[in-house]
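Model, not experiment: these values are computed from the prediction.
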Amino acid sequence: MVASVVQLTQVTKKIGSKTLVDGLTFEVRPGEVFGFLGPNGAGKTTTIRMMVGLMSISAGDIRIREFSVGRQFEQAMRHVGAIVENPEFYGFMTGYQNLIHFARMLPNVDKERIDEVIRLVRLENRIHDKVKTYSLGMRQRLGVAQAILHRPSVLILDEPTNGLDPEGIRELRDYLRMLAKDEGLAVIVSSHLLSEMELMCDRVAIIQNGRLLDVRSFKEAAGGAEQLEVRFEVSDQASASAVLLEAGCETRTNGSELSVQVPDRRETVAALNARLVAAGIAVYSIRTVTKTLEEQFLEVTRGNRIV
């Protein structure tokens, strides 16, 4: 079992009589991209602000590399890189000059490390241009470069795809997955683009009204559960239904297809196909039906919109 980099234990935030975050408990492991989802006002940004020390914790504890954010703030923040909202730079300076300026505030960041992060985010061709000429996507990449200069253990990004065009979103997604894999970073991403989260994340946490509803692995979030819906397109639906019923599978008709619920194992689907063929029934197609992350999210949150 890989030790977690980030641990939230019964984290609570209250302002007056209002509870914004209520007993959140989850962990994030190195080398994974962890998605943070919730409806409007769920407490995502509040949680992220507590993780990076921009907001105090009312109760519970957040530990980063075993250092408590509340009690050992400086030690914990040495392991954190973060972009909360849009990254800000000096527009009259080049990207390289901005990184040099930021590196002066960090220990043990030399020219070799600066050049390394520039290559990681693929800004080599534009790093000596002034930042005011950068697109929003390039600014995001420069922000990621700045955030990982000091080799953090966790990279926290709050709504990093805001304002990006489709190409910029795809580039950022690819960079984050590469950083998680190549740098061993734990990447925590809050986003309102569910389709992108589904492509980007290894696991997702869903919160509502400040409470954790579920933490799902990518497979689970994409619909992989203990039961799987499989649809068969066959030459004779009545005969196929009888054959599948003998195999213990109740069927229902979906247009030209027969739908059955089976255990999520490839061998089960192959065995059912073999039974149909042995009975002289032509099988034209077999497909599994999975719920998207968006469908499962709306299910869990009862249809509430997200930010």
Side-chain angles (χ1 to χ4, degrees), residues 5-6 28 30-34 45 48-49 51-54 64-65 67 69 73-191 196 200:
V5 176
V6 180
V28 184
E32 75 171 338
V33 181
F34 188 89
T45 297
I48 286 176
R49 287 181 175 275
M51 292 172 71
V52 298
L54 294 177
I64 298 172
R65 275 294 182 93
F67 294 106
V69 172
F73 178 74
E74 289 187 9
Q75 296 97 315
M77 289 303 104
R78 287 176 190 149
H79 300 285
V80 175
I83 303 176
V84 180
E85 298 176 352
N86 293 324
E88 297 293 336
F89 300 101
Y90 294 105
F92 62 89
M93 295 167 61
T94 68
Y96 192 83
Q97 288 169 336
N98 271 276
L99 291 180
I100 289 285
H101 177 71
F102 189 73
R104 292 193 183 109
M105 297 180 277
L106 299 169
N108 304 318
V109 177
D110 54 19
K111 182 181 182 300
E112 286 71 23
R113 177 58 181 172
I114 294 173
D115 292 339
E116 183 182 4
V117 298
I118 291 168
R119 288 193 299 272
L120 279 172
V121 300
R122 299 175 189 171
L123 273 178
E124 303 101 309
N125 294 333
R126 296 293 304 276
I127 196 63
H128 295 293
D129 294 347
K130 291 186 176 180
V131 170
K132 65 183 179 183
T133 68
Y134 282 13
S135 67
L136 183 55
M138 291 170 62
R139 286 173 180 258
Q140 288 284 21
R141 280 192 269 166
L142 186 62
V144 171
Q146 175 182 289
I148 64 173
L149 268 177
H150 60 299
R151 293 184 174 87
S153 300
V154 57
L155 176 63
I156 302 173
L157 306 175
D158 188 19
E159 300 283 356
T161 57
N162 272 356
L164 294 183
D165 59 21
E167 182 179 1
I169 291 171
R170 180 173 181 175
E171 285 183 354
L172 181 64
R173 180 183 75 217
D174 291 344
Y175 297 143
L176 294 180
R177 291 207 61 82
M178 177 190 65
L179 288 171
K181 179 181 177 183
D182 295 349
E183 293 271 293
L185 273 174
V187 181
I188 300 173
V189 181
S190 166
S191 176
E196 284 304 319
M200 185 189 307

Do [X] and [Y] come within less than 4.5 Å of each other through their side chains, counting heavy atoms only?
{"X": "Asn108", "Y": "His150", "value": "no"}
{"X": "Leu142", "Y": "Ile127", "value": "yes"}
{"X": "Leu176", "Y": "Leu157", "value": "yes"}
{"X": "Arg173", "Y": "Val33", "value": "no"}
{"X": "Val154", "Y": "Ile64", "value": "yes"}
{"X": "Arg113", "Y": "Ile148", "value": "yes"}
{"X": "Val109", "Y": "Arg104", "value": "no"}

Do other residues, nucleotides or ligands put more than 12 heavy atoms under 6.0 Å from the [atom1] atom of [X]?
{"X": "Arg177", "atom1": "CZ", "value": "yes"}
{"X": "Asp182", "atom1": "CG", "value": "yes"}
{"X": "Glu124", "atom1": "CD", "value": "yes"}

Hey, what do you get for [atom1] ([X]) to [atom2] ([Y]), rounding to the nearest 0.5 Å?
{"X": "Arg139", "Y": "Gln146", "atom1": "CZ", "atom2": "CD", "value": "12.0 Å"}
{"X": "Ile114", "Y": "Asn98", "atom1": "CD1", "atom2": "CG", "value": "11.0 Å"}
{"X": "Met200", "Y": "Asp174", "atom1": "CE", "atom2": "CG", "value": "9.0 Å"}
{"X": "Arg151", "Y": "Leu185", "atom1": "CZ", "atom2": "CG", "value": "11.0 Å"}
{"X": "Leu54", "Y": "Ile48", "atom1": "CG", "atom2": "CD1", "value": "10.5 Å"}
{"X": "Leu149", "Y": "Asp110", "atom1": "CG", "atom2": "CG", "value": "10.0 Å"}

Would a distance-only check, ignoring hydrogens and angles, find a side-chain to backbone donor-acceptor pair under 3.5 Å from Arg126 to Tyr134?
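No: the side chain of Arg126 does not pair with the backbone of Tyr134.
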Provide the closest heavy-atom pair for [X] versus [Y] in the form atom of the first, atom of the second, distance.
{"X": "Val189", "Y": "Val187", "answer": "CG2-CG1, 3.7 Å"}
{"X": "Lys130", "Y": "Thr133", "answer": "O-OG1, 2.6 Å"}
{"X": "Phe89", "Y": "Val131", "answer": "CB-CG1, 3.9 Å"}
{"X": "Ala147", "Y": "Pro152", "answer": "O-CG, 3.5 Å"}
{"X": "His128", "Y": "Thr94", "answer": "O-CG2, 3.2 Å"}
{"X": "Arg141", "Y": "Val121", "answer": "CD-O, 3.2 Å"}

For the pair Tyr90 and His101, name the ring-plane relationship: parallel under 30°, tilted 30 to 60°, perpendicular over 60°.
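Aromatic pair Tyr90/His101 classed perpendicular.
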Step by step, would you call Phe34 with Ile156 a side-chain contact (heavy atoms from CB on, under 4.5 Å)?
CA-CA 10 Å; Phe34 188 89; Ile156 302 173; over 6 Å; no
List the steps and the verdict of side-chain contact (heavy atoms from CB on, under 4.5 Å) for Met178 and Leu120.
CA-CA 8 Å; Met178 177 190 65; Leu120 279 172; 4.3 Å; yes
